[in-house]
2 protein chains.
Amino acid sequence: MSQRNTDATVRVVDAHPCPVREVLDRVAGKWSVQILVAASHGPMRFTELERGIDGISRRMLTLTLRNLERDGLVTRTVHPTVPPRVEYGLTPMALELPGTLQRLTDWAERNRGHIAKARAAYDAEHRPELLDA
Amino acid sequence: MSQRNTDATVRVVDAHPCPVREVLDRVAGKWSVQILVAASHGPMRFTELERGIDGISRRMLTLTLRNLERDGLVTRTVHPTVPPRVEYGLTPMALELPGTLQRLTDWAERNRGHIAKARAAYDAEHRPELLDA
DNA sequence: CGGGATCCTTGACGATACTG
DNA sequence: CAGTATCGTCAAGGATCCCG
């Protein structure tokens with residue numbers, strides 16, 4: 001139970017997992033959120049996404065889009081022109097996500113400092129080896 | 001940038017990542033959320049957590065707790081008794097998380113059916129090999 | 001009771017190259 | 001333009017055993 005399946009192929013049917021995990025399995029991939037956010041203001045072309053999301057590779061963009069499409073979060077529309085034009089948009093249920101994720105963003109920005117300090121303190125205490133660099 | 005580091009040891013300092021990713025890197029681990037939820041109603045002992053979280057191994061419980069502690073989300077209190085008694089509680093900033101995560105839970109439960117259907121449809125269309133079992 | 005040490009499998013992701 | 005194919009790396013997480 002609980003798989004992410006970006007590269008891989010599906011295994012079995014999930015039983016009845018924790019619903020929070022269900023969302024996370026869908027959204028926690030390294031690029032999913034950025035794709036959802038990028039496409040939340042209207043459909044985007046493949047290359048637009050590629051340019052808009054810094055550091056993403058063609059491969060990961062394709063894979064992540066396919067997974068989002070498979071889960072019904074993203075729609076893929078091919079315009080049969082030359083050169084081809086493919087647009088990715090969000091489905092209604094996916095459009096609700098960026099707003100919800102915003103709360104997490106806020107939490108992160110509020111507590112970013114605390115976390116950094118906590119890490120430094122913990123490492124100084126329990127990880128002497130890490131004090132070089 | 002953007003690492004999860006459950007097993008591993010830290011690498012470098014993150015630059016200035018997307019804040020959403022920052023939260024997810026902390027919380028998207030397979031067990032983190034369940035631990036946070038379990039401990040949100042008051043401190044829990046190691047064995048209580050182990051029994052309360054279905055399917056978790058001793059190893060992953062320890063590792064995940066250590067990471068949460070390192071990030072300042074969980075406090076670890078050792079009572080020097082015999083036998084030892086160790087309690088894990090949430091820090092103030094961590095206590096805000098379960099409430100926030102609730103919104104994702106709600107989204108998941110509302111759309112669980114849609115997603116399942118979308119998957120089935122997608123697989124039927126694009127993954128003929130999977131139609132056995 | 002509350003861990004730590006070790007071994008292993010699998011899957012996420014990156015780099016590079018090729019294509020209708 | 002919008003992908004696919006292939007190869008390699010590395011970390012997440014499971015299984016098992018040992019310890020103060």
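Remark: A:Phe46, A:Thr47 in residues 46-56 of chain A come within less than 4.0 Å of DNA chain D through at least one heavy atom. Only A:Pro83, A:Pro84, A:Arg85, A:Val86, A:Tyr88, listed by number, bring a heavy atom of residues 79-90 of chain A to less than 4.0 angstrom from any atom of DNA chain D.
A distance-only check finds no donor-acceptor pair linking the side chain of B:Arg103 to the backbone of A:Gly99 [under 3.5 Å]. Side chain of B:Thr62 to backbone of B:Arg58: a donor-acceptor contact under 3.5 angstrom is found. B:Arg21 places no side-chain N or O within donor-acceptor distance of the main-chain N or O of A:Trp31, the cut-off being under 3.5 Å. A donor-acceptor pair under 3.5 Å is formed between the side chain of A:Arg26 and the backbone N or O of A:Glu22.
At whole-Å resolution of the value, NZ in A:Lys30 and P in D:dA12 are 12 Å apart. Between B:Asn67 atom CG and D:dA12 atom P the separation is 8 Å, expressed in whole Å. The separation between B:Asp25 atom CG and D:dA11 atom C1' is 13 Å, rounded to whole Å. The distance from atom CE of B:Met60 to atom C1' of C:dT10 is 14 Å, rounded to the nearest whole Å. Atom-to-atom, CH2 of B:Trp31 to P of D:dG13 comes out at 9 Å; the value is rounded to the nearest Å. One can place CZ of B:Arg58 at 9 Å from P of C:dC1, the figure rounded to the nearest angstrom. Taking atom CG on B:Leu63 and atom P on C:dG3, their separation rounds to 11 Å, with Å as the unit. As rounded to whole Å, 14 Å separates atom C1' of C:dG2 from atom CD1 of B:Ile35.
Considering only side-chain atoms of B:Thr62, the nucleotide from C:dT6, C:dG4, D:dG3 that sits closest is C:dG4. For B:Arg45, the listed nucleotide lying nearest its side chain is C:dG2; candidates were D:dG13, C:dC13, C:dG2.
B:Arg66 has a side-chain polar atom (N or O) that falls below the 4.0 Å cut-off from OP1 or OP2 of C:dG4. Contact between the side-chain N/O atoms of B:Arg76 and the OP1/OP2 oxygens of C:dG3 is found at a separation under 4.0 Å.
Legend: ring-ring contact (aromatic ring centres under 6.0 Å, His included) pairs involving residues 92-125 of chain B, not counting sequence neighbours, sorted by first then second residue: B:Tyr122-B:His126.
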Problem - CA sep, side-chain torsions, deciding dist, call: A:Glu96, B:Arg110, salt bridge (Lys or Arg N to Asp or Glu O under 4.0 Å) - result: CA-CA 11 Å; A:Glu96 301 172 24; B:Arg110 279 202 312 278; 2.6 Å; yes
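Looking only at side-chain heavy atoms (C-beta outward), A:Leu104 and B:Leu104 come within less than 4.5 Å of each other. Counting heavy atoms from C-beta on, the side chains of B:Val86 and B:Arg45 never come closer than 4.5 Å.
In terms of heavy-atom proximity, A:Ile56 sits nearest to A:Glu50 at CG2-O, 4.0 Å.
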